[in-house]
There are 2 protein chains.
Amino acid sequence: MSNYSIDERAQMFRALSNPHRLGLFHRLTTCCAPGTECSTAEASQFCVGELGEGMDIAPSTLSHHLKELHRAGLIEMQRRGKNVVCWVVPDTLNELAVFFTSGFTPE
Amino acid sequence: MSNYSIDERAQMFRALSNPHRLGLFHRLTTCCAPGTECSTAEASQFCVGELGEGMDIAPSTLSHHLKELHRAGLIEMQRRGKNVVCWVVPDTLNELAVFFTSGFTPE
DNA sequence: TCTATAATTCGAAACATGTCGAACTATAGT
DNA sequence: ACTATAGTTCGACATGTTTCGAATTATAGA
């Protein structure tokens with residue numbers, strides 16, 4: 001049930017250790033954009049520009065942070081026309097939850 | 001249900017972003033020392049020296065890492081004679097799990 | 001009180017990260 | 001082809017992090 005090594009998991013936590021990156025990730029794990037209705041139970045998709053809105057960071061910095069989240073295996077990214085859309089990898093989200101809930105049993 | 005700010009949570013993840021620190025934390029969240037029997041369902045206690053065994057890091061480095069885990073609110077530490085014992089704060093462990101499992105509902 | 005063990009603090013060196021602006025690539029529309 | 005919009009890459013700089021060894025503090029036992 002624990003498919004990741006300590007090093008891989010540390011990489012995931014490293015990706016979430018920056019407030020800006022954690023903010024971006026958090027935006028992707030909530031199903032609705034602020035002020036809109038919740039249409040599905042799945043994780044939402046945002047394009048890069050939308051994700052950075054209200055964060056007051058340069059586009060280059062935003063791009064860097066999303067690349068880090070991607071490198072850690074936390075999000076996927078794909079070009080769609082002029083935009084690049086991002087979404088969370090659900091498996092990874094599960095794996096992380098398991099790490100904290102199943103910690104009390106010996107490996 | 002979400003009692004921590006983005007910044008506080010980022011601090012927690014930062015503390016877990018180093019493989020050595022994550023290893024130490026993981027050792028504290030498993031109930032048994034390797035090769036011993038599981039006596040209780042609670043998180044285990046280890047003294048600083050035991051925690052560092054087999055990790056090949058200097059005592060000063062070990063001390064630094066545990067201080068970081070403590071600063072992030074992930075572990076407690078208390079002197080017991082010549083030793084200092086460490087244990088995980090259970091609430092925090094829960095909080096972290098919740099972050100990953102309840103992400104799909106709007107705040 | 002002296003010694004041994006356990007752990008922390010301090011300062012320094014090497015390395016990693018976060019941030020920006022400027023220059024670049026990709027796409028869509030005119 | 002030209003232009004505007006969306007993102008990325010690159011180089012540079014400031015700031016943080018990891019690690020160590022040496023010096024220091026705390027405690028227990030002889």
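A note on names: the letters A, B, ... follow the listed sequences, proteins ahead of strands, and every chain is numbered from 1. Small disclaimer: the values here were computed from a predicted structure and weren't measured.
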For B/Phe13, ring-ring contact (aromatic ring centres under 6.0 Å, His included) partners two or more places apart: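 Per chain and number, B/Phe13 pairs via ring-ring contact (aromatic ring centres under 6.0 Å, His included) with A/Phe13, B/Phe99, B/Phe100.
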
Rounded to whole angstroms, how far apart are [atom1] on [X] and [atom2] on [N]?
X       : N      : atom1 : atom2 : answer
B/Leu62 : D/dT19 : CG    : P     : 11 Å
A/Gln78 : D/dT8  : CD    : C1'   : 17 Å
B/His64 : C/dA14 : NE2   : C1'   : 14 Å
A/Lys67 : C/dT19 : NZ    : C1'   : 14 Å
B/His70 : C/dT9  : NE2   : P     : 11 Å
B/Arg80 : C/dA7  : CZ    : C1'   : 16 Å
B/Asp56 : D/dG21 : CG    : P     : 11 Å
B/His20 : D/dT17 : NE2   : P     : 17 Å

Answer whether the closest heavy-atom distance between the side chains of B/Ile6 and A/Phe25 falls below 4.5 Å. no

Close side-chain approach of B/Leu16 and A/Leu16, heavy atoms under 4.5 Å: no

Side-chain polar contacts of residues 46-59 of chain B - donor-acceptor pairs under 3.5 angstrom, sequence neighbours left out - could you list them?
from, atom 1, to, atom 2, distance (Å)
B/Glu50, OE1, B/Cys47, N, 3.1

Could you tell me which non-hydrogen atom of A/Ala72 sits nearest to which non-hydrogen atom of A/Ala15, and how far apart they are?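 The pair with the smallest heavy-atom distance is CB-CB, 3.6 Å.
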
Identify the heavy atoms of A/Leu66 and A/Cys86 that sit nearest to each other, and give their distance.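 It is CD1-SG, 4.3 Å.
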
Short side-chain N/O contact to D/dT19 OP1/OP2 from B/His65, under 4.0 Å: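 True: B/His65 side-chain N/O within range (under 4.0 Å) of D/dT19 OP1/OP2.
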
With sequence neighbours excluded, what pairs up with B/Asn18 under the side-chain contact (heavy atoms from CB on, under 4.5 Å) test? B/His20, B/Arg21, B/His65

Which part of the nucleic acid does A/Ile57 contact within heavy-atom distance under 4.0 Å: base, sugar-phosphate only, or nothing?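 Sugar-phosphate, no base atom in range.
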
N/O contacts under 3.5 Å, protein versus nucleotides 11-16 of chain D?
none

At a cut-off of 3.5 Å, list every protein nitrogen or oxygen paired with a nitrogen or oxygen from nucleotides 3-7 of chain D, distance to 0.1 Å.
from, atom 1, to, atom 2, distance (Å)
D/dA6, O3', A/Asn83, OD1, 3.1
D/dG7, OP1, A/Val48, N, 3.3
D/dG7, OP1, A/Gly49, N, 3.3
D/dG7, OP1, A/Asn83, OD1, 3.4
D/dG7, OP2, A/Gly49, N, 3.0

For residues 58-72 of chain A, pull every pair meeting salt bridge (charged side-chain N to carboxylate O under 4.0 Å, His left out), keeping only residues two or more places apart or in separate chains. A/Arg14-A/Glu68, A/Glu68-A/Arg71

Determine all donor-acceptor pairs shorter than 3.5 Å in which one atom belongs to a side chain in residues 73-80 of chain B; sequence neighbours excluded.
from, atom 1, to, atom 2, distance (Å)
B/Arg79, NE, B/Gly81, O, 3.1
B/Arg79, NH2, B/Lys82, O, 3.2

Is there, by distance only and without an angle test, a donor paired with an acceptor across the side chain of A/Thr61 and the base of C/dG18 below 3.5 Å?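 Absent.
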
